[in-house]
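Okay, so here's the structure we're looking at.
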Protein chains: 2
Amino acid sequence: MTSMSDVARAAGVSAATVSRALRGEPGVSEATRRYVTEVAKRMRYAIARDASSLAGGRKYAVAVLTADVGRGDLLAGAEGALRTAGYDVLLYVLRDGGTRAEFFEELPALGRRVDGVLALSVDLTDAERDALDALDVPVVAVRDDDLREALRLAAGHVLELGHRDVALVLAEDVDESYDELLVAEGLSVRPEWTLWSSSTVAGGEQVVDVLLDGDRLPTAVICSSGEVALGVFLRLRRDGRGVPEDVSIVSLDGPELARAVGITAVEGAWRERGEHAVHRLLAGLRDEPHDVQPPSVHLVVRESTGRR
Amino acid sequence: MTSMSDVARAAGVSAATVSRALRGEPGVSEATRRYVTEVAKRMRYAIARDASSLAGGRKYAVAVLTADVGRGDLLAGAEGALRTAGYDVLLYVLRDGGTRAEFFEELPALGRRVDGVLALSVDLTDAERDALDALDVPVVAVRDDDLREALRLAAGHVLELGHRDVALVLAEDVDESYDELLVAEGLSVRPEWTLWSSSTVAGGEQVVDVLLDGDRLPTAVICSSGEVALGVFLRLRRDGRGVPEDVSIVSLDGPELARAVGITAVEGAWRERGEHAVHRLLAGLRDEPHDVQPPSVHLVVRESTGRR
DNA sequence: CTGTTAGCGCTTTCAA
DNA sequence: TTGAAAGCGCTAACAG
C-alpha cells in the first residue's frame, strides 16, 4: 500500500509538502501542489485516515443517529451532504430502548471517533441531550415532524377552500388538541371533531364511524398520518360520500401513501432538511454562525380537497 | 483525554499489558486482566480507534452501501448486528448515477478505511462488483427482492385456495413474464392476464379496467407492489366486486401498505436478512465458512384472499 | 516555500 | 506472564 512518503519520494519532495499539497494547505507553491497532486493520483495514493486523524486530531467523521430508518430521505440528504464535505458517516440506529440505552452507555467512546453528532428523528430526553453535549463536539438535532407547522398549512388550505367545519384526527400519542391553533387560523372548533386514532387504515375507518354518529359531518378532515387519511377516504367512499365533493381530506404525513392515493398532504422536503442540518453542523465545526432557515414544510394539493 | 498509558500507570502495569488485557488477548493472567479492566472502567477509558487501527491494521469498521434508504429494516438489521460485533458502520447512500459514479471513483480510499463491505439493495454491475473485489476486503451483497420466490409463495397460496384463473401484474421494468414459473406451480396462464403497470395506485386501477374489458375476470390477482394491489382493490370495490368474495388479491411487496390496508402479502423478514448478511461478512473476515441459509420470505395472509 | 523533527496512541515483536 | 522498544502513516511545530 503506497504511503505518503512513497509519494514524497516519487515527487522528490518531503512528506510534509505532500501533506500540505494534498490538503490544500497554504505554504506550497502552486507548481509543487499541482505536481504532487498529479504524482499522487498517478500512484493511486489514498490517504490513511487513521494516521491522519491520529496526528491531526480531526476525525473527518460524523455520527448520525436515527431512531429508525423510516424517514429515509432525511438520512440520505444528510449522508450526501456529509460525504460531499469529506466526512465519513457513522450510522447509529437507535431502534428501541435497549439499543438506545446501550448507545448512551458507550457514548464516551464516540467522542473519540467523530467530530460531530447529527441526531435525526430522535426525540432526545434531557439526560440524553446533556450526555451528548458533554461529548464536547457539536451536536445538531432534527426532529422529523413539525405538527404545528403542518397543521397550520393544512388548516390554512381548507379554510381558503371555504371550509368551516373541520375535523382533526391526531395520533394516539399526541396529547394536545391544538384547538387554539385552529381557532387562530380562523376555524371554529367542535370538541367532538377532535379525535384520536391509531395510525392505521382501520383506525381511519373507525374515525369516520364516529363522525357519522354525529348530527352532521365535517366538510373537511385533517389526518395526522397517511394511513388514517386513507382509512377515512375508504370509509367515506363506502358510505357513498364523495371525496372531495362531500368531504375534503388532508394528510399531515405519509407522503408516499398520499402521493400514491392522490391525497392532499403536507410534505417535508426531507432530503433538503437533512442537508440543511449538515450545513448547520459543519458551521458548528468551523465555529461559524449559520443563520439560514431550514427548508419549510409545504402543502401538495391533490384530488382529495376541493372547494366547499 | 485519558490514554492507555494513563491506565497503565494507574494500574501499575505496562501499556502493552493494558492493551492485551482489554482486548482479551492471551498472555495475561486472569487477575491482571480483571484488575486492569476495572481500572480502565473506573477511569472511563475509551480506546482511540485511530491509533489502534494504525498500529494493528484492523479497522473495526464496515462500509454499508445502500441504493436508497427505502428498505430501512434491512439497513437497521445490518447496523445492529455490526454494532453488536464491535464494528462501526460507515454508511454510503448510492442514490443516483452521480453519487454512484463518485463512490466507485473513490473506492480505493475505502479499502483503507474498512475491513469489509456490505452492499444492501444495490444492483451491482459486473464492473462495480469487480472494483469492490479488487479492494481486497470481504464483500457481501444482498438484493432486497426475490421476485421468483415471492411469486412462488403467492401462486402456491392462491392455488391452495382453489384459484385457477390468476392474473399477474408486474412492475414496468420487469421484462420476464414468469409464465413457466406459474405453470410449474400448477396455474394455467392466459397471456392477457399478465400485465405490466407503474407501481402506483392509479396504475393498479387501470389494470382492473383492462381486466374488466376481457370476457371474464380472473379470480385472483397477484400484484408486484403494494400500491398496485391497493389500486386493484379500490377499483374492484368501486365496480361492486367483493374482495375476496369475487377476486382475491396478493401483493408481492409493500409490507407496510399491505398491513395497513389488510392485503395478503409476501414479506421479507428484512431485519433478519440484514443480520444474516452481517454474519456472512463476519465469517468472511475470520475466514470461516458460513453455510447458514438466509431467512426466507414468507406469506402473511390477511383479508384480501379467500377460497374460490 | 520547503524540509526536519517530534510525536499522536496504540499493537507487536523480542527479551526477560 | 510481563515489559521495553520500535514503529504504523500521518500532521504540526520549528528551522532554514
Side-chain angles (χ1 to χ4, degrees), chain A residues 1-37 39-40 43-61 86-88 108-115 136-137 285, chain B residues 1-37 39-40 43-61 86 88 108-115:
Chain A
M1 190 102 301
T2 72
S3 76
M4 190 176 267
S5 37
D6 294 331
V7 177
R9 202 170 317 119
V13 296
S14 73
T17 298
V18 175
S19 173
R20 288 190 276 249
L22 261 31
R23 282 178 305 147
E25 286 276 289
V28 195
S29 74
E30 250 330 292
T32 312
R33 188 189 306 278
R34 234 193 301 279
Y35 182 56
V36 167
T37 308
V39 173
M43 298 178 75
R44 305 173 148 283
Y45 168 70
I47 197 171
R49 240 130 126 166
D50 320 315
S52 173
S53 40
L54 181 57
R58 266 182 255 71
K59 310 297 180 187
Y60 299 101
Y87 284 85
D88 273 341
L110 189 63
R112 308 196 58 147
R113 262 180 246 170
V114 298
D115 300 312
D136 203 35
V137 298
L285 288 176
Chain B
M1 192 101 299
T2 72
S3 76
M4 191 175 264
S5 37
D6 294 332
V7 176
R9 201 171 315 119
V13 296
S14 71
T17 298
V18 175
S19 173
R20 289 191 273 250
L22 260 30
R23 281 179 305 147
E25 286 277 288
V28 194
S29 75
E30 251 330 292
T32 312
R33 187 188 307 277
R34 234 193 300 280
Y35 182 56
V36 168
T37 309
V39 172
M43 298 178 75
R44 303 170 148 284
Y45 168 70
I47 197 172
R49 234 123 136 164
D50 321 314
S52 173
S53 37
L54 179 57
R58 266 180 256 71
K59 311 295 178 189
Y60 299 102
D88 272 340
L110 189 65
R112 307 196 60 145
R113 263 181 245 169
V114 298
D115 301 313

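Reminder, nothing fancy here: chain letters follow the sequence lines and each chain counts from 1. Values in this document were obtained by computation on a predicted structure and should not be read as measured data.
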Practice item. Sequence neighbours left out, what passes side-chain contact (heavy atoms from CB on, under 4.5 Å) with A:Arg9? Give chain and number order. Key: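 Checked A:Arg9 against side-chain contact (heavy atoms from CB on, under 4.5 Å); matches are A:Ser5, A:Asp6.
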
Checking [X] side chain against [Y] main chain: does a donor-acceptor pair fall under 3.5 Å?
X: A:Asp115; Y: A:Lys59; result: yes
X: A:Arg112; Y: B:Ala46; result: yes
X: B:Thr37; Y: B:Arg33; result: yes
X: B:Ser19; Y: B:Ala15; result: no

Review point. When all nucleic acid strands are considered with a 4.0 Å heavy-atom cut-off, which category describes A:Thr32: base, sugar-phosphate, or nothing?
Key: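 Sugar-phosphate only.
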
Exercise for review: Remember a base hit wins even if backbone is also touched, and classify B:Gly27 as base, sugar-phosphate or nothing at under 4.0 Å, heavy atoms.
Suggested key: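 The answer is base, as B:Gly27 lies within the cut-off (heavy atoms under 4.0 Å) of a base atom.
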
Review point. Within the pair B:Ser3 and C:dG9, is there a side-chain N or O less than 4.0 Å away from OP1 or OP2?
Key: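 Checking B:Ser3 against C:dG9: no side-chain N or O falls below 4.0 Å of OP1 or OP2.
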
Exercise for review: May I ask you to evaluate whether B:Arg23 reaches the phosphate of C:dT12, defined as a side-chain N or O under 4.0 Å from OP1 or OP2?
Suggested key: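 So the side chain of B:Arg23 is within the cut-off, an N or O lying under 4.0 Å from OP1 or OP2 of C:dT12.
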
Check your understanding: Are the side chains of A:Asp88 and A:Arg49 in touch, meaning some heavy atoms are under 4.5 Å apart?
Key ->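 Yes - at least one pair of side-chain heavy atoms lies under 4.5 Å apart.
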
Point to revise | Non-hydrogen side-chain atoms of B:Val13 and B:Thr32 separated by less than 4.5 Å | key: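 B:Val13 reaches B:Thr32 side chain to side chain.
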
Review point. A:Glu25 has an atom CD; how far is it from atom P of C:dT2, in whole Å?
Key: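 After rounding, the reported distance stands at 14 Å.
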
Practice item. Could you tell me the separation between the CG atom of B:Leu54 and the P atom of C:dC10, rounded to a whole number of Å? Key: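 Going from CG in B:Leu54 over to P in C:dC10 covers 12 Å.
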
**Study point:** Minimum heavy-atom distance between B:Val36 and B:Leu22, given as atom pair plus value
**Key:**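 In terms of heavy atoms, the two residues are closest at CG1-CD1, 3.9 Å.
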
Exercise for review: Using the closest heavy atom to pick a nucleotide of DNA chain D for each, name whichever of B:Pro26 or A:Ala55 lands nearer the 5' end.
Suggested key: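 The residue whose closest nucleotide sits nearer the 5' end is B:Pro26.
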
Under 3.5 Å, N/O pairs linking protein and nucleotides 3-6 of chain C:
residue : atom : partner : partner atom : Å
C:dG3   : OP2  : A:Ser14 : N            : 2.9
C:dG3   : OP2  : A:Ser14 : OG           : 3.2
C:dG3   : OP2  : A:Thr17 : OG1          : 2.8
C:dG3   : N7   : A:Arg20 : NH2          : 2.8
C:dG3   : O6   : A:Arg20 : NH1          : 3.3

Review point. For DNA chain D, which nucleotides open and close the run of contacts to chain B, 5' to 3', at under 4.0 angstrom from a non-hydrogen atom?
Key: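 Terminal contacting nucleotides, 5' to 3': D:dT1 to D:dG9.
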
